[in-house]
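Structure in structure tokens, see below.
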Amino acid sequence: MPANTKVRIVVNNQDPTPEEFESTDFNREKLVLPNGSATVYVGPLRAGTYAFFGDFHQDTAQGRLIVE
Ligand SMILES: [Cu+2]
């Protein structure tokens, strides 16, 4: 995503169990219902790489947000 810009991210949960979209790097936490979606506003952020994860499935649900 672009640096120094506020961005709207839509998180889709494509299975029948709840998940929580979470990042300590950019300080967000939002429940995503089974087969549902949630809107998260992120930024403005400086250029860099920011980690996020699914709090209920941290063994596999890991991602990186690249800001440039
Ligand atoms: Cu959490």
Side-chain angles (χ1 to χ4, degrees):
M1 66 177 247
N4 307 311
T5 305
K6 186 176 181 179
V7 169
R8 175 177 173 265
I9 296 173
V10 179
V11 182
N12 292 307
N13 182 357
Q14 299 182 333
D15 74 22
T17 60
E19 184 56 283
E20 189 176 62
F21 177 83
E22 183 160 349
S23 174
T24 50
D25 284 1
F26 52 84
N27 192 28
R28 288 291 180 280
E29 186 172 32
K30 188 123 188 191
L31 186 71
V32 192
L33 294 175
N35 294 307
S37 64
T39 299
V40 182
Y41 289 90
V42 178
L45 295 171
R46 294 190 210 175
T49 301
Y50 298 81
F52 63 86
F53 54 91
D55 201 15
F56 301 159
H57 305 88
Q58 291 190 39
D59 51 334
T60 55
Q62 296 285 334
R64 293 281 182 276
L65 178 68
I66 297 171
V67 178
E68 55 194 9

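Please read all numbers here as calculations on a predicted model, not as lab measurements. We're numbering straight along the sequence, starting at 1.
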Between the main-chain N or O of Tyr41 and the side-chain N or O of Arg28, is there a donor-acceptor pair closer than 3.5 Å? yes
Using ring pair (Phe, Tyr, Trp, His ring centres under 6.0 Å) as the criterion, list what pairs up with Phe53, not counting sequence neighbours. none
If I compare all heavy atoms of Leu45 with all of Val67, which pair ends up nearest, and what's the gap?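 Looks like O-CG1, 3.8 Å.
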Determine the minimum heavy-atom distance between Val32 and Val11, stating which atoms define it.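 That would be CG1-O, 3.8 Å.
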Okay, side chain of Ser23, backbone of Ala51: is any donor-acceptor separation there less than 3.5 Å?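 Side chain of Ser23 to backbone of Ala51, a donor-acceptor pair under 3.5 Å: yes, one is there.
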Where is the tightest heavy-atom contact between Asn35 and Gln14, given as atom of each residue plus distance? OD1-C, 3.6 Å
Working to the nearest 0.5 angstrom, can you tell me the gap between Glu29 CD and Phe21 CZ? 11.0 Å
Candidate pair Leu65 and Val42, rule side chain to side chain contact (heavy atoms under 4.5 Å, CB included), full reasoning: CA-CA 10 Å; Leu65 178 68; Val42 178; 4.0 Å; yes
Give, for atom CD of Glu20 and atom CG of Asn13, the distance between the pair rounded to the nearest 0.5 Å.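 Glu20 CD to Asn13 CG: 12.0 Å, rounded to 0.5 Å.
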Thr24: side chain to side chain contact (heavy atoms under 4.5 Å, CB included) partners, not counting sequence neighbours: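 In terms of side chain to side chain contact (heavy atoms under 4.5 Å, CB included), with neighbours along the sequence ignored, Thr24 is linked to no residue.
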Within the distance-only criterion (no hydrogens, no angle test), does the side chain of Lys30 pair as donor or acceptor with the backbone N or O of Ala38 below 3.5 angstrom?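 Looks like no, no N/O pair under 3.5 Å.
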Donor-acceptor check, side chain of Asn12 to backbone of Ser37, threshold 3.5 angstrom: yes or no? no
Please go through Phe56's hydrophobic cluster and name the other residues, only I, L, V, M, F, W, Y counting, with side-chain heavy atoms under 4.5 Å joining them.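 ILVMFWY cluster around Phe56 also holds Leu31, Leu33.
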Please name all residues satisfying side chain to side chain donor-acceptor pair (under 3.5 Å) with Thr17, sequence neighbours left out, ordered by chain then number.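 Here the qualifying residues are Asp15.
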Applying side chain to side chain donor-acceptor pair (under 3.5 Å), name anything that partners Glu19, two or more places apart in sequence or on another chain. His57
I'd like to check the side chain to side chain contact (heavy atoms under 4.5 Å, CB included) partners of Arg46; sequence neighbours left out, ordered by chain and number. Tyr50
Taking the side chain from Gln62 and the backbone from Gln58, do they hold a donor-acceptor pair closer than 3.5 Å?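 It does hold such a pair.
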